[in-house]
K.L.:
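Structure below; questions to follow.
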Amino acid sequence: MVIVISLGAACLLGLGFVAQQHAAYRRPLEDMLRLRLLLDLIRTPLWLAGIGLMLCGQILGALALWEADVAKVVPLLAMNLLFALTAAHVVYQEPFGRMLQLGAVLVGGGVALFLYGGRPHGGALPGSGSMRWLAVLSVIVVAGVLVLVGLRRSLQVRAMLLAAAAGVLYGLQDVLTRSSLLTLSNGLNLAGTWQPYLLPCVAVVGLLLNQSAFDAAPLRISLPATTAAEPITGIVLGVAIFSERLRVTPEALAAEVAGLIAMVTGIVILGRSSFLTKPTRNAPRRPDGER
């Protein structure tokens, strides 16, 4: 059941990302990393539909995180790009090439191989004051560095780095969601912990970074970085904070590494699909020469 719920969440997330990017890509480049970008987009029906789909996907993701460890759920959420690609295929009525078929096989096979080899299990909620939560600070620093480096790079590189920073924060968001759900299930006072207060802040900043990446470059450049960074961050934090365990036999480690490599490679291949670069009809021309 966790697998079905997670795949349903990935489907809604993928559809939501496609709608959001088509709306955000029409905004001026000057709006990047500014709250004005979100304030403008909130008046766009297509973007609101994308946000609605994403929120529904996050709710399903939260249900999956209620039942299973982070390291088991987030690799399945990484399959959102498959659903985004399928939706674009239906809209534009273009055939799948061999490279896209290979990308789909790599993503699906990589996720299955990681879960089969690692078999994540045994997570537990640490106390709010546990030193394990220092891992949260390190993740926030990584996201900040990605943003600062991206501001000094070309537009396409900036989009990838902003998207990667968003993916890092989405992985942190998954962990904070899991923490809040475990707090509730253990009968503890949720208001007396700091994680629920940090969760919406991380979600809003991650959303701003993601929309800024969508504003800067086509989906094939921005979405793969987000899709790859989220599961990797979630897996690392799940092990570091919740003490989720993966099998460490040589065979299991080989399967886990091979699965992650295959998944990321497949994401990159799928992200290069021409299906995800179609501009919105009658979209205004952007003055930047890199468009």
Side-chain angles (χ1 to χ4, degrees), residues 1-2 5-6 8-10 12-13 16-17 20 35 38-39 42 48 50-78 80 120-144 146-147 164-212 226 229-244:
M1 182 59 69
V2 169
I5 294 175
S6 298
L12 293 174
L13 290 171
F17 284 145
Q20 290 169 44
L35 286 176
L38 297 182
L39 294 177
I42 203 170
L48 289 175
I51 289 296
L53 289 168
M54 186 181 74
L55 288 176
C56 291
Q58 289 178 338
I59 291 172
L60 285 182
L63 291 176
L65 288 168
W66 184 292
E67 299 292 336
D69 295 329
V70 176
K72 184 179 294 184
V73 174
V74 291
L76 293 168
L77 297 182
N80 66 74
H121 63 284
L125 178 66
S128 293
S130 173
M131 296 295 289
R132 294 179 187 172
W133 288 108
L134 288 176
V136 170
L137 180 60
S138 66
V139 166
I140 294 175
V141 170
V142 169
L146 288 171
V147 173
V168 167
L169 292 183
Y170 285 158
L172 175 57
Q173 180 180 331
D174 294 333
V175 169
L176 294 174
T177 300
R178 171 72 169 164
S179 170
S180 300
L181 293 173
L182 287 177
T183 299
L184 285 174
S185 64
N186 290 340
L188 302 176
N189 181 16
L190 188 61
T193 60
W194 56 267
Q195 289 87 349
Y197 302 102
L198 181 60
L199 178 58
C201 299
V202 170
V204 170
V205 175
L207 180 64
L208 177 60
L209 291 175
N210 213 20
Q211 302 311 308
S212 297
T226 299
E230 180 179 358
I232 292 174
T233 302
I235 291 168
V236 171
L237 289 180
V239 172
I241 295 175
F242 297 123
S243 297
E244 296 176 0

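When a residue number appears, it is its place in the shown sequence, counting from 1.
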K.L.:
Considering non-hydrogen atoms only, spot the tightest contact between S6 and L77 and give its length.
P.N.:
O-CD2, 3.6 Å
K.L.:
If you measure from CE on M54 to SG on C56, what distance do you get to the nearest 0.5 Å?
P.N.:
10.5 Å
K.L.:
Might you point out which heavy atoms bring A9 and G61 nearest each other, and give the distance in Å?
P.N.:
CB-N, 3.6 Å
K.L.:
With a 4.5 Å cut-off on side-chain heavy atoms, are E67 and M1 touching?
P.N.:
no
K.L.:
How long is the gap from OG1 on T177 to CD1 on I59, to the nearest 0.5 Å?
P.N.:
11.0 Å
K.L.:
Is R132 reaching over with its side chain to a backbone N or O of L237, donor-acceptor style, under 3.5 angstrom?
P.N.:
no
K.L.:
With rounding to the nearest 0.5 angstrom, report the CD1 to CG distance, I140 to L198.
P.N.:
5.5 Å
K.L.:
Can you name the nearest heavy-atom pair linking F242 to S179, along with the distance?
P.N.:
CZ-N, 3.9 Å
K.L.:
Can you list the steps and then say if I51 with L207 is a side-chain contact (heavy atoms from CB on, under 4.5 Å)?
P.N.:
CA-CA 10 Å; I51 289 296; L207 180 64; 3.8 Å; yes
K.L.:
List the atom of I235, the atom of P75, and the distance in Å for their closest heavy-atom pair.
P.N.:
CD1-CG, 4.0 Å
K.L.:
Do the side chain of S130 and the main chain of G127 share a donor and acceptor less than 3.5 angstrom apart?
P.N.:
no
K.L.:
So do L208 and S212 actually touch side chain to side chain, heavy atoms under 4.5 Å?
P.N.:
yes
K.L.:
Does E244 reach the main-chain N or O of D69 with its side chain, forming a donor-acceptor pair under 3.5 Å?
P.N.:
no
K.L.:
So how far is it from L172 CG to E230 CD, rounded to the nearest 0.5 Å?
P.N.:
10.5 Å
K.L.:
Do you know which two heavy atoms are closest between A135 and I241, and how far apart they sit?
P.N.:
CB-CG1, 4.1 Å
K.L.:
Side-chain contact test, heavy atoms from C-beta onward, threshold under 4.5 Å: evaluate it for V73 versus D174 and give yes or no.
P.N.:
no
K.L.:
Quick check: does any side chain N or O of W194 sit under 3.5 Å from a backbone N or O of G129, one acting as donor and the other as acceptor?
P.N.:
no
K.L.:
Does the side chain of L12 come within less than 4.5 Å of Q58's, by heavy atoms?
P.N.:
no
K.L.:
With heavy-atom distances below 4.5 Å as the criterion, would you say the side chains of Q195 and L199 are in contact?
P.N.:
no
K.L.:
Keeping the roles fixed (side chain from Y170, backbone from P231), state whether a donor-acceptor pair exists under 3.5 Å.
P.N.:
no
K.L.:
Roughly how far, to the nearest 0.5 Å, is the CD atom of Q173 from the OG1 atom of T233?
P.N.:
12.0 Å
K.L.:
Supply the atom-to-atom distance T183 OG1 to L190 CG, rounded to the nearest 0.5 angstrom.
P.N.:
6.0 Å
K.L.:
Applying side-chain contact (heavy atoms from CB on, under 4.5 Å), run through L146 and L209 and close with a yes or a no.
P.N.:
CA-CA 11 Å; L146 288 171; L209 291 175; over 6 Å; no
K.L.:
Can you confirm whether L35 is buried at CG, in the sense that more than 12 heavy atoms of other residues, nucleotides or ligands lie under 6.0 Å from that atom?
P.N.:
no
K.L.:
Compare every heavy atom of S128 with every heavy atom of T193, then report the nearest pair and how far apart it is.
P.N.:
CG2-OG, 3.3 Å
